[in-house]
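Chain letters run A, B, ... following the sequence lines, proteins first and then strands; every chain starts at 1.
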2 protein chains.
Amino acid sequence: MRKVTLADVAAKVGVSAITVSRALRSPEKVSKTLQRKIKKAIADLGYVPDPAARALASGRTNVIGVLIPSVTNNVFSDVMRGMYEAIEPTTFDLQLGNTRYSPLMEEDLLKVFLSQKPAGLVITGIDQSKTARTMLQSATCPIVQIMETGPNPIDMMIGFSHYDAAAAATTHLIDAGSRFPAFVGARMDPRTQRRFAGFKDTCERAGVFSRERLITTPEPSTVTLGASLFANLISQQPEIDAVLCNNDDLALGILFEAQRRHMAIPEELMICGFNDLEMMAVAEPPVTSVRTHRHEMGRRSIEMLVRQIENPDAEASKIIDLGFDVISRRSTARRGPRLGS
Amino acid sequence: MRKVTLADVAAKVGVSAITVSRALRSPEKVSKTLQRKIKKAIADLGYVPDPAARALASGRTNVIGVLIPSVTNNVFSDVMRGMYEAIEPTTFDLQLGNTRYSPLMEEDLLKVFLSQKPAGLVITGIDQSKTARTMLQSATCPIVQIMETGPNPIDMMIGFSHYDAAAAATTHLIDAGSRFPAFVGARMDPRTQRRFAGFKDTCERAGVFSRERLITTPEPSTVTLGASLFANLISQQPEIDAVLCNNDDLALGILFEAQRRHMAIPEELMICGFNDLEMMAVAEPPVTSVRTHRHEMGRRSIEMLVRQIENPDAEASKIIDLGFDVISRRSTARRGPRLGS
DNA sequence: AACATTTATGACAGCGCTAACATTCCGCTG
DNA sequence: CAGCGGAATGTTAGCGCTGTCATAAATGTT
């Protein structure tokens, strides 16, 4: 039982191989009658096209490469879910590359991906290395940068401003009465840095910034880490009355640690997360967070690519800012400045 | 600037294409001198092999296909992390397929994957459809089934017994004094069913089973869902003194809901999760859970495959039971039967 | 009716690489 | 020193498919 090839199908129907190929690739060029017969023969023989042969002959694949810095991070699983959802009704496949937050690995993976002549590429963030940018710029397929918007797009872009989002969250905390806000950050990647910048600038403008109320670590963020970072921070700086977290894992850890210390939330400590993972709304008390449109970002990034691939000259917006929303919940529901300050 | 091919490299060095091919594929067959020269030429020209051409010519790829039911579920992100870790030092690539818990999608994806002549396959669980099993059995590459162990392996297998794990957790609850244990389950896939069976049988043996204290839903599990399922359940069956959860998301939701209702944990309600996600240890109170070796499962599944691919006739254990551990924490730290019962 | 245009199919070559076999060259044995 | 074995390299062919151009048939046009 040898592999079934196009030629076998063609022989069975009594046409040439190329016609079968056409029936699959561009059915509108083949008569209805033949299409039906060919479809039947394919089913009967159990023919499955060989993607390698197709790629070699046509010089392109139906693979969309996706470069993300982490497969573990909850944020990216939401984005990926959106992508898988969008890819499903199409004929394209997704191929994931994990850069582990390393520009070097990003370059290597990019080289591998480009050698496969992908139909499109998704790449995370706007901080590619010079080499990576050059490779991307000379690529012949459409490219989307996700997670962030910024100047100098390589091709397309969908995301939001991390600076603005953090600034808005910080304003929310200050408006709620915080005079001693803190920032807790893990894995300070470029996006996190920009969030911190938004926090810092906003605090400075309100005259409430202190470098003492900042704790960061290069480790990847976890709930446990949030708890222990906060434990450190609060023992050094007991005056802290609000925390803006890099992300929701940390925020949840801080919530647990605060509960352990019997700190009243929000009365003694306000907590604000980032990303608005599902669990924040149901925590006790519910935790304020910055909602980012991760699922939509994933879905639309693929949709943008597919549209561009199938219709290269159509006019379509190439840069999409999805924005964000500060979702205010009980963990920051304090009014006015704290008593006695 | 045309694509650089093997022939270009060969021409530059002054040898034939096949020699360059060999220098890449099986360096031991090429003299040291040539190897050096060829390596240099490859670097100079920036040659990158074309995987499609290789696949077509050799009839195999260096792709390991992975079929999992969900890319979102925390459980699988841990497994995937282990896989990515194990694949990194090798020359193989991972290709993910998301079956969405559907045997039909599993079949389709399997067909696609097999058409690519993968170097190996990872497939989740032991409940493949008849068609899928037939396809797998006639595949020429090594295959690992993960997440579970059971009879009739297709090829290799790494996992643990969900029945035993749930039974052990249930025993733990009963030993801790539960007389009215409940089971909360979401997305009742086959593994979940077996966990429930372990719970049921153990309860029955102890004379504490009641179908009234069981709540399940086909929806995917989330923290929110845990909270609302528990709210339903406890209002119907207020006597419940312990809950075994399908997984940790649900357990966390139940913890939050119990806090909202000011139920003392573990005094009024014991909670036991499943999987022992990172956050369970740091929750307040820390939540008992069944630790499963997800990361190791992912890592070792790939290692098993790679070993088998590179050394097909070596004797190696083909079925590995990684076991589990009931990690007892404060959420089940009650001693003896409840007062007054 | 003669010709142009469109639609449907086919012939041929070649994508970049490697399997299989062939050749060359070397040192070594008896 | 003929003959042999093994290491290093080459020749040839072909993997399964699609791009390109050619051809044949159907339809429209004046």
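Rounded to an integer number of Å, the gap from L6(A) CG to dC15(D) P is 13 Å. A straight line from CG of D50(B) to C1' of dC15(D) spans 13 Å, rounded to a whole angstrom. Across the protein-nucleic acid pair, I42(A) atom CD1 and dG16(D) atom C1' stand 14 Å apart, rounded to whole Å.
Distance from the side chain of S16(A) is smallest to dA11(C) among dC17(C), dG16(C), dA11(C). The P49(A) side chain lies nearest to dC17(D) when the options are dA11(C), dG16(C), dC17(D). Listed candidates were dG16(D), dT18(D), dG16(C). Nearest to the side chain of A57(B) is dG16(C). Across dC17(D), dT18(D), dG16(C), the shortest atom-to-atom separation from the side chain of Y47(A) is found for dC17(D). Closest to the side chain of I18(A), from the set dG10(D), dG10(C), dG16(D), is dG10(C).
Salt-bridge formation is detected for the pair K40(B)/D44(B): a Lys NZ or Arg NE/NH1/NH2 atom is positioned less than 4.0 Å from an Asp or Glu carboxylate oxygen.
Among the protein residues, S31(B) comes within range of the sugar-phosphate backbone only, with heavy atoms under 4.0 Å from sugar or phosphate atoms but none that close to a base.
Position along DNA chain D of the nearest nucleotide to E28(B) versus L56(B) favours E28(B) as the more 5'-ward residue. In this structure, L34(B) and S58(B) both approach DNA chain D, and ranking their closest nucleotides by distance from the 5' end singles out L34(B).
In this structure, a donor-acceptor pair under 3.5 Å is present between the side chains of H295(A) and E85(A).
Donor-acceptor pairing under 3.5 Å, judged by distance alone, is present between the side chain of R22(A) and the base of dG10(C). Taking only distance into account, the side chain of R25(A) never meets the base of dG19(D) through a donor-acceptor pair shorter than 3.5 Å.
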